[in-house]
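These notes are about the structure you will find just below.
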Amino acid sequence: MIVILRENTAQAAVEKLVANLKTFGFDVHISQGSQHTVLGLIGDTGKVDIDQIKMLECVDDVKRIQEPFKNANRKFHPLDTQIKVKDAVIGGGGMTVIAGPCSVESEEQIITVARSVKASGAKLLRGGAFKPRTSPYAFQGLREEGIKLLLEAKKDTGLPIVTEIMDLSQLELFDDVDVIQVGARNMQNFELLKQLGHSGKPILLKRGLANTYQELLMSAEYIMASGNENVILCERGVRTFETYTRNTLDISAVPVLKKLSHLPVIVDPSHAVGVAEFVAPLSLAAVAAGADGLIIEVHNNPACAKCDGMQSLTPEQFRQLVRRIEKLKSALE
């Protein structure tokens, strides 16, 4: 349930109403808009007398929310959420580019790539330390050593780092990681999501290969209900009948998720298509659709990459793509 207060309601009246609502056992989420203040009531609101609340002088309207996700719902939080990561801001109409290799392979590799993507305009560095792979015989990542190398690249370039967690047992290793990524396979690992809700760190939550928008938002709700509102939604392609590409980018996810939720929405074109030559057009499509950012795989030598080289851009290809993104973003504005 949401309570929309009248324009220019005094702060004292807001505080009094919030205190009164809390006596009924509700958690109250306060969202300050440019004109109205919205109170989101979380709890069993089934027995609430809406008409009684509407009678209050400071109340403009009261509405019940039917969707099961509350904290992530735009009705609770009309303004876009902006998540600050060091000097980067994700959300609110900007275009933040995250780039780096699929997996960390060596100190030379990750620092070389970090320097190149920063020079081209990337605001955060991605790189896999723990790698979930379909085959148990494939490269699984450098694990703890991979995180140490990412931190070396961060020290060298100043770029905040994004890397994926696979299991709760790894959480302590992520103390110095700036953004924790939850991969598609773990989108509904609810125990992991609840613990990440206590971490306070920004969480980049990827949509599962066959999950609905509501299921993605409910996974975000697990994190937010545990106290962490810093969630970034990521569309990374879904599995369809088409086999020419790795997955199929659901570009409609961008405007739909942004209508349903106030959380930032970014797109991963690399995993969506799985072929480097198609990463640029999908990136531009995501920009045009209104995405808040992109996460793109870049490798200094894709042909020799230990993981997903086929979908990785070279540093020069990435530089050219960022210039095209900037031109398109400017034209759209």
Any side-chain heavy-atom pair of Pro302 and Glu297 under 4.5 Å: no

When you look at Gln140 and Arg133, which way does the side-chain contact (heavy atoms from CB on, under 4.5 Å) test go after all the steps? CA-CA 7 Å; Gln140 306 287 314; Arg133 304 299 299 277; 3.8 Å; yes

Do you know which two heavy atoms are closest between Ile147 and Phe130, and how far apart they sit? CD1-CE1, 3.8 Å

Give a yes or no on this: more than 12 heavy atoms of other residues, nucleotides or ligands lie within 6.0 Å of atom CG of Asp87. no

Side chains of Gln320 and Glu316: is there a donor and an acceptor less than 3.5 Å apart? yes

Would a distance-only check, ignoring hydrogens and angles, find a side-chain to backbone donor-acceptor pair under 3.5 Å from Thr96 to Val89? yes

Look only at the side chain of Ser261 and the backbone of Leu257, and say whether a donor-acceptor pair between them is shorter than 3.5 Å. no

The single option from Arg126, Lys123, Lys154, Lys84 passing salt bridge (charged side-chain N to carboxylate O under 4.0 Å, His left out) against Asp178: Lys154

Hey, could you give me the OG/CD1 distance between Ser31 and Ile2, rounded to the nearest 0.5 Å? 9.5 Å

Lys/Arg-Asp/Glu bridge criterion (N-O < 4.0 Å) met for Lys206, Glu164: no

Contact check, side chains of Leu216 and Met187, non-hydrogen atoms, under 4.5 Å: yes

Roughly how far, to the nearest 0.5 Å, is CE of Met224 from NE2 of His29? 6.5 Å

Are Val85 and Phe174 in one and the same hydrophobic cluster, where Ile, Leu, Val, Met, Phe, Trp and Tyr link if side-chain heavy atoms are under 4.5 Å apart? no

Using the side-chain contact (heavy atoms from CB on, under 4.5 Å) rule, pick out the option among Val179, Leu124, Leu125 that qualifies with Ile98. Leu124

If you define the side chain from C-beta out and look only at heavy atoms, does anything of Leu193 sit under 4.5 Å from Gln188? no

Does Val256 form a side-chain contact (heavy atoms from CB on, under 4.5 Å) with Asp250? I'd like the steps, not just the answer. CA-CA 10 Å; Val256 173; Asp250 180 7; over 6 Å; no

Indicate, with yes or no, if Val273 and Val322 share a hydrophobic cluster defined by side-chain heavy-atom contacts under 4.5 Å among Ile, Leu, Val, Met, Phe, Trp and Tyr. yes

Checking the side chain of Lys22 only, and the main-chain atoms of Val28 only, is there a donor and an acceptor separated by less than 3.5 Å? no

First locate atom CG of Asn230, then atom NZ of Lys201, and finally report the distance between them rounded to the nearest 0.5 Å. 11.0 Å

Does the side chain of Val231 come within less than 4.5 Å of Asn71's, by heavy atoms? no

Within a 6.0 Å radius of atom CD on Glu57, are there more than 12 heavy atoms belonging to other residues, nucleotides or ligands? no

Is there a path of hydrophobic side-chain contacts, each under 4.5 Å between heavy atoms of I/L/V/M/F/W/Y residues, joining Ile251 to Ile325? yes

Close side-chain approach of Leu39 to Ile30, heavy-atom, < 4.5 Å: yes

Students often mix this up, so state it plainly: with edges at 30° and 60°, are the rings of Tyr244 and Phe278 parallel, tilted or perpendicular? tilted

With a 6.0 Å cut-off (strictly less than), is the heavy-atom count around CD of Glu172, excluding the residue itself, greater than 12? no

Answer yes or no: is there a side-chain heavy-atom contact under 4.5 Å between Val287 and Leu294? yes

For Arg74, does the CZ atom have more than 12 heavy-atom neighbours from other residues, nucleotides or ligands under 6.0 Å away? yes

Just how far is it from atom OG of Ser120 to atom CZ of Arg115, taken to the nearest 0.5 Å? 14.5 Å

Please walk me through it: do Leu5 and Leu17 pass side-chain contact (heavy atoms from CB on, under 4.5 Å)? CA-CA 10 Å; Leu5 303 186; Leu17 178 56; 3.6 Å; yes

Taking atom types as modelled, find out whether Glu229 and His77 have a side-chain donor-acceptor pair closer than 3.5 angstrom. no

Steps toward side-chain contact (heavy atoms from CB on, under 4.5 Å) verdict (Phe318, Ser116): CA-CA 9 Å; Phe318 177 71; Ser116 69; over 6 Å; no

For Phe190, which residues count as a ring-ring contact (aromatic ring centres under 6.0 Å, His included) partner, sequence neighbours excluded? Tyr222

Between Ile295 and Ile90, is there a shared hydrophobic cluster once you connect ILVMFWY residues whose side-chain heavy atoms come closer than 4.5 Å? yes

Hey, is the main chain of Phe69 close enough, under 3.5 Å, to the side chain of Glu67 for a donor-acceptor pair? no

Could you tell me whether Asp308 and Arg246 have a side-chain N and a carboxylate O separated by less than 4.0 Å? yes

In chain order, what residues pass the side chain to side chain donor-acceptor pair (under 3.5 Å) check against Thr243, with sequence neighbours excluded? none

Side chains of Val3 and Lys54: does their closest heavy-atom pair fall under 4.5 Å? no

Validation row: Thr157, Ile111 side chains within 4.5 angstrom (heavy atoms): no

For Thr248, give me all partners under side chain to side chain donor-acceptor pair (under 3.5 Å), at least two apart in sequence or on another chain. Thr240

Any sub-3.5 Å donor-acceptor pair from Arg207's side-chain atoms to Leu233's backbone N or O? no

Side chain of Gln109, backbone of Ser103: donor and acceptor closer than 3.5 Å? yes

Is it true that Lys155 and Glu152 make a salt bridge, defined as a side-chain N closer than 4.0 Å to a carboxylate O? no

Can you tell me if Asp268 uses its side chain to pair, donor with acceptor, with the backbone of His271 under 3.5 Å? yes

Lys327 backbone acceptor or donor facing Ser330 side chain under 3.5 Å: no

Okay, side chain of Glu221, backbone of Lys70: is any donor-acceptor separation there less than 3.5 Å? yes

Carboxylate-amine/guanidinium proximity below 4.0 Å for Glu326 and Lys329: no

Looking at Thr9, is its backbone amide N or carbonyl O close enough to the side chain of Glu7 to form a donor-acceptor pair, meaning the two atoms are under 3.5 Å apart? no

Quick one: pull up CG in Leu321 and CZ in Arg323 and give me the separation to the nearest 0.5 Å. 9.5 Å

CG (Leu196) and CD1 (Ile203) are apart, to the nearest 0.5 Å, by 4.5 Å

Is there a continuous path of hydrophobic side-chain contacts, each under 4.5 Å between heavy atoms, that joins Val14 to Leu41? yes

